[in-house]
Amino acid sequence: MYRKYAKAALWAVGLLTLIFIFFIKNLSFNYNFESFFPTGDPDLDYYMEFREVFENDNDYLLIGLTKRPSLFDRSFLTKVKQLKDSLRLLDHVVEVISPLDIKKPVIGPISYFEVPLFHPDLPEKYATDSTLIYTNVSLPGNLVSKDATALTLVLKHAPQITKPDADSLAAEVQRLCDNFGFQESHVAGKAKAQGVYIDKMKNELLIFLSASIILVILFLTFAYRSLWGVILPLCVVLLSVIWILGLMGAMNKPLDILMVLLPTIMFVVGMSDVVHIMTKYIEELRMGEDKVSALNSTLKEVGLATFLTSLTTAVGFFTLLTASIRPIREFGLYTGIGVFIAYAVAFSLLPAILFLMKRPKIAAVGQNRNRWFAVLGLAFTKVLRWRWYLVAFSTILIAVSLYGINLLQVNTYLIEDIPDNDPLKQDFLFFDRHFGGSRPFEMTVRAVPENMDIFSPPVLAETEKVLEYTTANYGTGSLLSPVMVVKELHQALKGGSVEAYRLPADSKDYKKVNRHLKRLRKNPRFAELSAKEGKLGRISGRVPDMGSAITLANTKDLYRYIDKNIDSTLVEFKVTGTSNLIDKNNEYLSQNMLQGLAIAFIVIAIIAGLLFRSLRMILVTLVPNIIPLLIVGGVMGYFGITLKLSTSIIFTIAFGIAVDDTIHFISKLKLELQKGRSLLYALKRAYLSTGKAIIITTIILSGGFLTLVLSDFGGTFYTGLLVSLTLFLAMVIDLTLLPALVFLFHNRKR
C-alpha cells in the first residue's frame, strides 16, 4: 500500500510540475516606477487629478551635451541642432525643447518681435549671445550650465508608453548622441532608468540562482557526504522554485526589483524543510530502524514542527500585506505562498522517493553522530553553567542595540540602490550638478476668491514669495510658473531690460501685461501652466536628488512657511508629483514594518501558547527571536545603513525564518516532556536532537542569502548581508540563551 501511495505522489508532483513549467513561459520582468506609489494616500488621488489637468510630470528624457572649454562653438551648436531635428522624428516623441530655439520677446508701442538667444551660424554674435543668455533668469542652471560648458535638451515623450517602446526610445536617443560624437552625452529619465533596472534584474536573477545552487551543493556534500544526500534535496527545492514561478506566470505577475529575490529565498527556505527531514531520517536509520519505521518516525516528529515553521515563515511574509506599497504586498503574498509550496513538495516528493529507493548506506553511529553529540553536549553543559552570564550579556546587548536603533534613519533616493560609479547613476548626477537636478518638482497654486485667478496681482505677489522661498531652500533650478510668464511679458514690454524682469509695479503696467496674457491663453504651451479658466496654476521644475529625508523635511518647512507667511484667503499651495509620492513611501515604512512584526509576534506567541499553555514560555520563545532583530537594527544605525523600501523587508523576512529554529527546539522539548522526562533530560535531548539540524540549516540559509551581496543594488546587497547576520545571530541565541531561559523559567511542576 505504501508503494502505491508513493507512486501516486510522484505522478501528482510530476503532473503539477509539467503544468507549472508550461506557465513559466508567461513570466516577464518589469520595473514600473509608479507601482511604488503609496496606495490609499490622499496625495496619490490629488496627483491623479493633477495629471488629468496638466500632464504626467515624469514623461521626459533629459539629454545633456558637453563642449569644453565653451558651448559657444559653431561645430558643437550645429550638431546640437541636427540632433534635435533627428530626435523629433523618433516614434513616441511629443516635443523636443532646445535652448537653441528659445527667443526673447520684445514688445514695443506698435510692434512685436522676438530676439533669438542663440545664433549657431554666426560666431561673430557669440559674445552678444552669451551676454543675453546669462542675463536671462530662466536659462542658466536650467537649459544651459552656469559654467557655459554644457546644455540640455528636454525630450517629452508620449505618456505611459510601454516598456518595449521606452527601451527602444532610450536606445535610439543614446545611439543618436553617440553618432554625433559629442565630448560627453548624458541621458536621464524614467524611460531609460526602468530599462537599466530590468536588465540588471535579469542578470542578477541568474547570478543569485547559480550561486545558491553551488553553495547548497557544497553544504550538502559536507553535511551528508553522499550523492543521494545532495541530489534529493536539490530536486525538491528546484521543483519548489519551478512551482512558484509557474504560479506567477499563470497569474501574469512579472518579476520586479523585489520579486527577483523570490527564487533565491525559495531555494534556501525550501532547503530548511529538506534538511530537517533528511537529518531525522538518517538519525533513525542509524538507530537501526527500517525504512518504513524511520519515515514514520520522521514524519511524526518533524512533520508538525516543520509545518509550524513553514507557517511562521509564511506569516512573516504575509505580514507584508499590511504595507501601503503594492510591490511589497505582492512580494509578501507570493513568497508566503511559495513557503507552503516548498512544504508541500518536501513532504510529498521526498518521503515518496525515500520509500521507493533502496535503503541508503549510513555511516556508523560512532563515525558521525557521536562527534556531533560530543560537541553539542559540551556546549549544552557550558550553557547551563553560564546561564546567568548569558542573560546579563544579552541584557547589555539589547541596551547597546536600542541606542543604535535610535540612530537609524529612514531615507531613499529616486535612483535607488545603484552605486555611484554606475553609468546610469553618473548620468543622473550630471544633471544634479549642472542643471538644477533630474528629479521633477511639482506644486499647484489655486486662487481662492471667486473674483480672482492665478494672474491677479495679489495672488501673483503671494506666489512670488513661495517661489523665492522654494528656490532658496530646495536648490531648484529655474521654476516655470505663472509668475515667470508675467515677469517675461513685463520685461518684453520694457524693451527686454534685465531690470524689468519683475512683476508690474502699478496697475497701468499690469493692464498692459494682462492684454497680452489674454492673447497668450490661446497658446497650447500656456495650458501647461494654467487650467480651469485660470483658477489653477502649476509651478514646475527640477531639483537635485538629495534623498527623501531631506526632501520631506524641506516640504514640511515649506508648508510651515506658507502657513506663517501666505494669506490663505487669497491662494492655496500644494506639493505634488511623482517624486513627492515616492518620498511619502518613507512615512509608511516604519509603520508598515512594525505592524508586520507585531502580527508575526502574535502568531508566534499563539503557537508557543498552544504548545506549552504558559505565559512564561511565550516570553521565553519570543525574546531569543527579538534580540537578533534589535542587534541588526543597531548595526544599521551605527553603520549608517538607512531604512528604505528595499531594506524595510529585512526584519520581517529575518524574523519569519529565524523563528523556525526556535519552533523546532521547543517542539522537540514538548515531545520529550510529554514522555514524562525531567526538564533537564528533556532539554538536553532537544538540544542534542535539533542542534545539528539548526546549525546545518542556518549555514545553508545564511549562505543562500549571502549570494545576494553579489548584487549591484544596494538594498539587495544589504538584504542578503543583514538577513544572513540575523539568521546567524538567531542560531547562536537559540543554542545559548534559549535553553538557558527555558531552564531558568520553565514551570518544573508542569
Side-chain angles (χ1 to χ4, degrees), residues 240 244 258-259 261-273 276 305-323 325 327-344 589-610 618 621-633 643 645-667 694 697-698 700-702 704-705 708 718-720 722-731 733-734:
S240 301
I244 188 60
L258 292 178
M259 281 296 185
L261 303 179
L262 190 148
T264 301
I265 292 174
M266 285 294 303
F267 205 89
V268 295
V269 170
M271 189 59 66
S272 176
D273 294 340
H276 281 287
T306 306
F307 173 76
L308 292 176
T309 59
S310 297
L311 175 63
T312 55
T313 302
V315 166
F317 288 112
F318 285 146
T319 58
L320 296 176
L321 291 170
T322 62
I325 304 165
I328 291 182
R329 294 199 302 270
E330 292 175 342
F331 173 75
L333 174 64
Y334 282 98
T335 311
I337 293 173
V339 170
F340 283 123
I341 286 177
Y343 176 83
L589 286 181
S590 299
Q591 176 185 347
N592 293 157
M593 183 185 70
L594 292 175
Q595 285 178 346
L597 285 175
I599 295 172
F601 290 163
I602 291 171
V603 172
I604 304 306
I606 291 173
I607 292 173
L610 291 174
I618 291 175
T621 303
L622 284 176
V623 169
N625 290 287
I626 294 175
I627 292 176
L629 302 183
L630 296 177
I631 295 174
V632 169
L643 189 66
L645 175 70
S646 49
T647 56
S648 64
I649 61 175
I650 289 172
F651 297 96
T652 307
I653 293 175
F655 180 79
I657 298 174
V659 77
D660 291 0
D661 293 340
T662 305
I663 296 296
H664 277 288
F665 186 92
I666 65 173
S667 297
I694 288 174
T697 54
T698 300
I700 292 175
L701 288 167
S702 297
F705 277 103
L708 301 181
Y718 284 120
T719 297
L722 295 176
V723 170
S724 297
L725 176 61
T726 307
L727 296 178
F728 176 78
L729 291 171
M731 177 195 73
I733 291 173
D734 279 334

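- No more than 12 heavy atoms of other residues, nucleotides or ligands lie within 6.0 Å of OH in Tyr718, so this atom counts as exposed by the packing criterion.
- In this view, Thr662 and Asn625, Asp734 satisfy the side-chain hydrogen bond (donor to acceptor under 3.5 Å, both in side chains) rule, not counting sequence neighbours.
- Between the CD1 atom of Ile328 and the CG atom of Leu333 there is a distance of 13.5 Å, given to the nearest 0.5 Å.
- With sequence neighbours excluded, no residue satisfies side-chain hydrogen bond (donor to acceptor under 3.5 Å, both in side chains) with Thr264.
- Between Ala314 and Gly336, the shortest heavy-atom contact is CB-O, 3.7 Å.
- In this structure, CG in Leu727 is found 6.0 Å from CG in Leu701, a value given to the nearest 0.5 Å.
- Judged by distance alone, with hydrogens and angles left aside, the side-chain atoms of Thr335 form no donor-acceptor pair with the main-chain N or O of Gly332 at under 3.5 Å.
- Note that CZ of Phe317 and CG of Leu262 are 8.0 Å apart. Values are rounded to the nearest 0.5 Å.
- Evaluation of the side chain to side chain contact (heavy atoms under 4.5 Å, CB included) rule for Ala344 yields no partner, not counting sequence neighbours.
- Annotation: ring-ring contact (aromatic ring centres under 6.0 Å, His included) contacts of Phe601 (sequence neighbours excluded): Phe655.
- For the atom pair Ile666 CD1 and Asp661 CG, the distance stands at 11.5 Å (nearest 0.5 Å).
- Closest heavy-atom contact between Leu722 and Thr726: O-OG1, 2.7 Å.
- Taken to the nearest 0.5 Å, the CG atom of Leu308 stands 8.5 Å off from the OH atom of Tyr343.
- Summarising the geometry, atom CG belonging to Leu321 is positioned 8.0 Å from atom OG1 belonging to Thr319; distances are rounded to the nearest 0.5 Å.
- Applying the ring-ring contact (aromatic ring centres under 6.0 Å, His included) rule to Phe665 yields no partners; only residues at least two apart in sequence or on another chain are considered.
- Among all heavy-atom pairs drawn from Ser310 and Val339, the shortest one is O-CG1, 3.4 Å.
- Partners of Leu630 according to the side chain to side chain contact (heavy atoms under 4.5 Å, CB included) rule, which considers only residues two or more places apart in sequence or in another chain, are Ile398, Ser401, Leu402, Ile405, Ile626.
- Of all heavy-atom pairs between Ile265 and Phe331, the closest is CD1-CZ, 3.6 Å.
- Applying the salt bridge (charged side-chain N to carboxylate O under 4.0 Å, His left out) rule to pairs touching residues 330-343 yields Lys253-Glu330, Arg326-Glu330, sequence neighbours excluded.
- Considering only residues two or more places apart in sequence or on other chains, Ile606 meets the side chain to side chain contact (heavy atoms under 4.5 Å, CB included) condition with Ile602, Leu610.
- Annotation: ring-ring contact (aromatic ring centres under 6.0 Å, His included) contacts of Phe728 (sequence neighbours excluded): none.
- The shortest non-hydrogen separation linking Ala654 to Leu629 is CB-CD2, 4.2 Å.
- Using a 30° and 60° split on the angle between ring planes, Phe340 and Phe307 fall in the tilted class, from 30° to 60°.
- In this structure the side chain of Ile627 never reaches within 4.5 angstrom of the side chain of Leu729, judged on heavy atoms.
- Taking every heavy atom of both residues into account, Ala342 and Met266 meet most closely at CB-CE, 4.1 Å.
- Scanning for side chain to side chain contact (heavy atoms under 4.5 Å, CB included) contacts around Ser724 gives Ser702, Phe705, Leu706, with sequence neighbours left out.
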